[in-house]
Amino acid sequence: MQLTETHRPTLDRALEAIRSRAYWSPHPEHPKAYGETGAADGLAAYQALLGSRFELDQPGTDGWTGAEVSPYGPELGVEYPHPDLDVLLPAMRAGMAAWRDAGPETRALVCLEILSRISARTHEFAHAVMHTSGQAFMMALQAGGPHAQDRGLEAVAYAYEEQTRTPQGVDWSKPQGKRDPLELRKVFTAAPRGIALLIGCNTFPTWNGYPGLFASLATGNPVLVKPHPRAILPLAMTVRIAREVLGEAGFDPNLVALAAERPGEGIAKTLALRPEIRIIDYTGSTEFGDWLEQHARQAQVYTEKAGVNTVVIDSTDDYKGMLSNLAFSLSLYSGQMCTTPQNLLIPRDGITTDAGPKSYDEVVADLAASVSGLLGDDGRANALLGALVNPDVKSRLEAAAGLGEVALPSREVVNPEFPDAVVRTPVIVKLDGAKPDDESAFMSECFGPVSFAVAVDSTSDALDLLRRTVRDQGAMTVGAYTTSEDTERAIEEVCLEESAQLSLNLTGGVYVNQTAAFSDFHGSGGNPAANAALCDGAFVSNRFRMVEIRRQA
């Protein structure tokens with residue numbers, strides 16, 4: 001495999017991008033970029049997987065499992081190998097030495113070949129992501145395809161950067177005056193920790209999965225992929241491609257394996273406590289994330305959990321643009337993103353705008369009208385909302401309407417192509433920040449298309465509430481709108497002190513719930529929503545340890 005000639009320029013460009021933070025992506029977003037027959041070929045390839053056994057030829061298979069049902073209605077009917085862990089885990093360790101000794105560059109280039117082959121099948125992956133997550137097709141293609149691939153490549157670049165910070169070898173000489181110098185030959189090796197466990201999520205199996213997978217693999221660790229039982233296929237496809245590339249490159253394919261679980265088995269807990277598991281990447285509920293951090297003491301644990309994302313609305317010089325931007329942010333993928341705003345903090349006396357002063361009630365009513373206008377056409381609504389990923393989201397949405405005055409009721413949208421899909425528009429509920437009963441509602445994550453317009457006494461009170469929210473509940477994103485330099489500085493100070501990523505005065509085509517790989521950090525690792533950021537040096541550097549061997553020269 002001509003890995004250096006093919007992929008070294010891409011690695012170099014990725015290294016430049018993470019240093020400059022400028023926009024760059026080698027993975028095209030546009031569907032037509034994958035050839036005239038790319039869309040048809042991808043759909044056919046996806047359909048060929050349905051109703052079949054997903055062979056991986058990995059050791060320790062003791063049966064078959066899988067019961068995925070698309071949020072759009074159809075059963076996938078795919079069966080996956082179920083692992084005997086006592087056989088599979090030792091087999092995964094067998095290839096570690098050779099993979100370690102290959103060095104950071106070779107590992108990085110093999111990872112880039114894996115990503116390249118995934119990219120070539122972006123349309124196929126788009127259908128797999130769509131029918132396991134409920135994302136609308138275009139979002140599944142972009143977020144589940146090129147954006148996920150970018151995040152994987154970003155992790156490889158950081159892994160390479162951190163491992164090569166120390167030279168591989170050095171001749172060391174310490175002068176001793178008139179005596180002969182002390183001379184040693186020192187060799188430094190990035191030694192992997194051990195098997196990494198990737199616990200996949202239902203909503204973004206590739207986007208949230210690829211950073212940990214490729215960070216661990218690029219730093220020399222085997223990776224066991226444990227997908228969410230409702231979203232196995234995209235990660236199973238990833239595992240198959242990784243195994244193929246590893247084998248062709250002369251490495252043990254068992255460096256990457258799949259652990260699909262039987263219904264109700266709860267294999268993640270079992271795996272998390274196995275002594276062979278030394279790294280864990282997890283995206284999901286706070287409850288299980290906390291459990292992992294407390295109990296999987298033998299492993300380095302990276303978690304992304306729940307948070308309460310907040311937008312402070314103080315004032316704006318583009319009222320229409322603010323409403324439009326917020327409406328899109330609240331609607332995209334039915335609010336089923338860890339970055340979607342939940343709490344909108346609005347002074348009860350209103351705000352100043354370029355369209356004149358607006359009362360709290362007017363701001364909320366105008367935002368509701370903006371969401372309604374955005375989603376008024378069912379075709380457009382389906383393209384933005386996708387489908388609710390599971391019944392729990394629907395239950396939370398329905399319960400939210402009873403928490404306060406409903407400013408925007410949710411409505412059912414029919415998807416003519418998939419009549420069994422559960423599609424709902426967002427609900428906006430008015431709450432009072434001064435009432436304890438209301439606070440108990442908005443101070444916890446209500447995952448899905450639910451937003452709370454929280455009336456506060458002043459912008460100062462909004463900042464106090466923002467600080468308390470981030471400190472106690474965590475936040476993946478914070479947004480704010482203000483025309484005051486003093487208020488802007490005060491908001492920045494809260495976010496700097498509480499380690500929250502802030503977006504200010506977004507009124508155009510960039511939204512608070514979107515981040516760009518190589519430039520934006522997803523999470524900070526500094527508040528309760530996540531203990532790691534995607535992606536920075538800290539996300540990769542503790543997946544290996546630098547081991548030194550000294551010899552007398």
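Computed over heavy atoms, backbone and side chain alike; hydrogens, waters and symmetry mates excluded.
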Examine [X] together with [Y] and report whether their ring centres are nearer than 6.0 Å.
{"X": "Y302", "Y": "Y282", "result": "no"}
{"X": "F442", "Y": "F452", "result": "no"}
{"X": "Y46", "Y": "H131", "result": "yes"}

Pair listing, side-chain hydrogen bond (donor to acceptor under 3.5 Å, both in side chains) test, anchored in residues 84-94, at least two apart: D86-R274
Can you name the residues that form a side chain to side chain contact (heavy atoms under 4.5 Å, CB included) with [X], not counting sequence neighbours?
{"X": "D41", "value": "T37"}
{"X": "A533", "value": "D536"}
{"X": "E498", "value": "R467, V470, R471, V494"}

M476 CE to L534 CG distance, which is reported to the nearest 0.5 Å: 7.0 Å
Spatial distance of atom CG (L271) from atom CD1 (I280) [nearest 0.5 Å]: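 CD1 of I280 is found 8.5 Å from CG of L271.
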Audit row: R396, E445, salt bridge (charged side-chain N to carboxylate O under 4.0 Å, His left out) steps and yes/no: CA-CA 10 Å; R396 282 192 293 270; E445 186 184 51; over 6 Å; no
Criterion ring-ring contact (aromatic ring centres under 6.0 Å, His included) on F518 and Y158, from CA distance to verdict: CA-CA 10 Å; F518 309 106; Y158 272 103; 8.9 Å; no
For R545, all residues meeting salt bridge (charged side-chain N to carboxylate O under 4.0 Å, His left out), sequence neighbours excluded: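 By the salt bridge (charged side-chain N to carboxylate O under 4.0 Å, His left out) rule, R545 matches no residue at all.
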Listed partners of E248 passing salt bridge (charged side-chain N to carboxylate O under 4.0 Å, His left out), at least two apart: R117
Minimum-distance pair of heavy atoms, taken over all atoms of N254 and P59: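 Heavy-atom minimum between the residues: OD1-CD, 3.1 Å.
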Option among Y210, W207, F539 that satisfies the ring pair (Phe, Tyr, Trp, His ring centres under 6.0 Å) test with H522: W207
